[in-house]
Amino acid sequence: ADPDAFQSARRDLLQGDPAEVVSLFESCLESEDEEERCRALAGLAVLYRSEASDVLIRWISDPSPTVRWVVCGCLHDFGDLRAVPALLDCLKQDDECQVRGEAASALGSIGAIDALPVLHQAFLTDLEFDQLGYSASSQATTAITTVMQQWVTRQISGDPAKQFQESTGTGRLTAR
């Protein structure tokens with residue numbers, strides 16, 4: 001609740017030996033209590049961001065749908081391309097529609113171009129609604145839009161800047 005205390009604790013943990021800190025969090029991940037596992041995973045993600053992806057990915061197949069959902073959410077917020085295969089498996093195979101939807105959302109946030117065919121399939125076929133009224137289909141639609149927007153932005157503002165031309169029946173569009 002106290003932002004200053006949180007930042008102070010975060011600084012202290014980041015100054016420690018990363019292997020030791022991760023080991024402490026991983027000991028919490030062995031708990032029977034799914035809420036404790038969720039807190040440990042979220043803590044690792046907040047602390048190490050995308051550097052925690054390897055640990056998070058190992059827990060994407062936890063028996064608890066709540067833990068799997070939290071993992072997908074953390075990968076959404078701090079994920080990287082290494083998480084894409086695990087998220088694709090989750091989107092295609094998880095029993096819980098809420099987890100599949102969060103996996104789709106994470107793939108969109110990461111900007112995984114290679115995920116577009118699977119996201120499109122989820123859009124077409126995964127119409128089950130969770131208790132909040134969301135479906136993996138609707139989240140896949142948003143993810144597809146996000147991936148395409150990110151791709152277009154990268155193409156236009158590439159390094160170095162690129163020249164684009166398109167001819168139409170009424171003229172030519174040129175952009176850089």
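- In this structure the side chain of Cys72 reaches within 4.5 angstrom of the side chain of Ile60, judged on heavy atoms.
- Take Ala143 and apply the side-chain contact (heavy atoms from CB on, under 4.5 Å) test, not counting sequence neighbours, and it matches Leu119.
- Applying the side-chain contact (heavy atoms from CB on, under 4.5 Å) criterion to Ser109, with sequence neighbours excluded, gives His76.
- In terms of heavy atoms, Val99 sits closest to Pro65 at CG2-O, 3.4 Å.
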Distance-only criterion, 3.5 Å: show the donor-acceptor pairs between side-chain atoms of residues 37-49 and protein atoms not counting sequence neighbours.
residue, atom, partner, partner atom, Å
Arg37, NE, Asp62, OD2, 3.1
Arg37, NH1, Ser31, O, 2.9
Arg37, NH1, Glu32, O, 3.1
Arg37, NH2, Asp62, OD1, 2.9

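- Taking 4.5 Å as the limit, some side-chain heavy atom of Val84 sits within range of a side-chain heavy atom of Leu88.
- Atoms CG and CE, from Leu116 and Met148 in turn, are 6.5 Å apart once rounded to the nearest 0.5 Å.
- Residue pairs that meet the side-chain hydrogen bond (donor to acceptor under 3.5 Å, both in side chains) test with at least one member in residues 6-29, sequence neighbours left out, are Glu26-Arg58.
- Hydrophobic clustering keeps Phe78 apart from Val21 (ILVMFWY residues linked when any side-chain heavy atoms are closer than 4.5 Å, directly or through intermediates).
- Between Glu35 and Thr66 the shortest side-chain heavy-atom distance does not fall below 4.5 Å.
- Leu127 and Leu91 fall into different hydrophobic clusters, where Ile, Leu, Val, Met, Phe, Trp and Tyr are joined by side-chain heavy atoms under 4.5 Å apart, directly or via other members.
- The 12-atom threshold is exceeded at CH2 of Trp59, counting heavy atoms of other residues, nucleotides or ligands nearer than 6.0 Å.
- Other residues, nucleotides and ligands contribute more than 12 heavy atoms inside 6.0 Å of the CG atom of Asp89.
- In this structure, Leu107 and Val147 approach most closely via the heavy-atom pair O-CG2, 3.9 Å.
- Taking CG from Asp94 and CZ from Arg68, the interatomic distance works out to 4.0 Å, rounded to the nearest 0.5 Å.
- Phe6 and Phe25 fall into different hydrophobic clusters, where Ile, Leu, Val, Met, Phe, Trp and Tyr side chains are chained together by heavy-atom contacts under 4.5 Å.
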As a quick check of understanding, evaluate side-chain contact (heavy atoms from CB on, under 4.5 Å) for Gln150 and Ile113, giving each step before the final call.
CA-CA 9 Å; Gln150 290 174 3; Ile113 292 278; over 6 Å; no
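- Here the side chains of Leu87 and Ile110 are in contact, with some heavy-atom distance below 4.5 Å.
- Applying the side-chain hydrogen bond (donor to acceptor under 3.5 Å, both in side chains) test to every pair with at least one member in residues 124-144, sequence neighbours left out, gives these pairs: Gln98-Gln131, Arg100-Asp126, Arg100-Glu128, Ser135-Ser138.
- With hydrophobic clusters built from ILVMFWY side chains whose heavy atoms lie under 4.5 angstrom apart, Leu81 shares a cluster with Val55.
- With sequence neighbours left out, Asp80 forms a side-chain contact (heavy atoms from CB on, under 4.5 Å) with Ser50, Ser53, Arg82.
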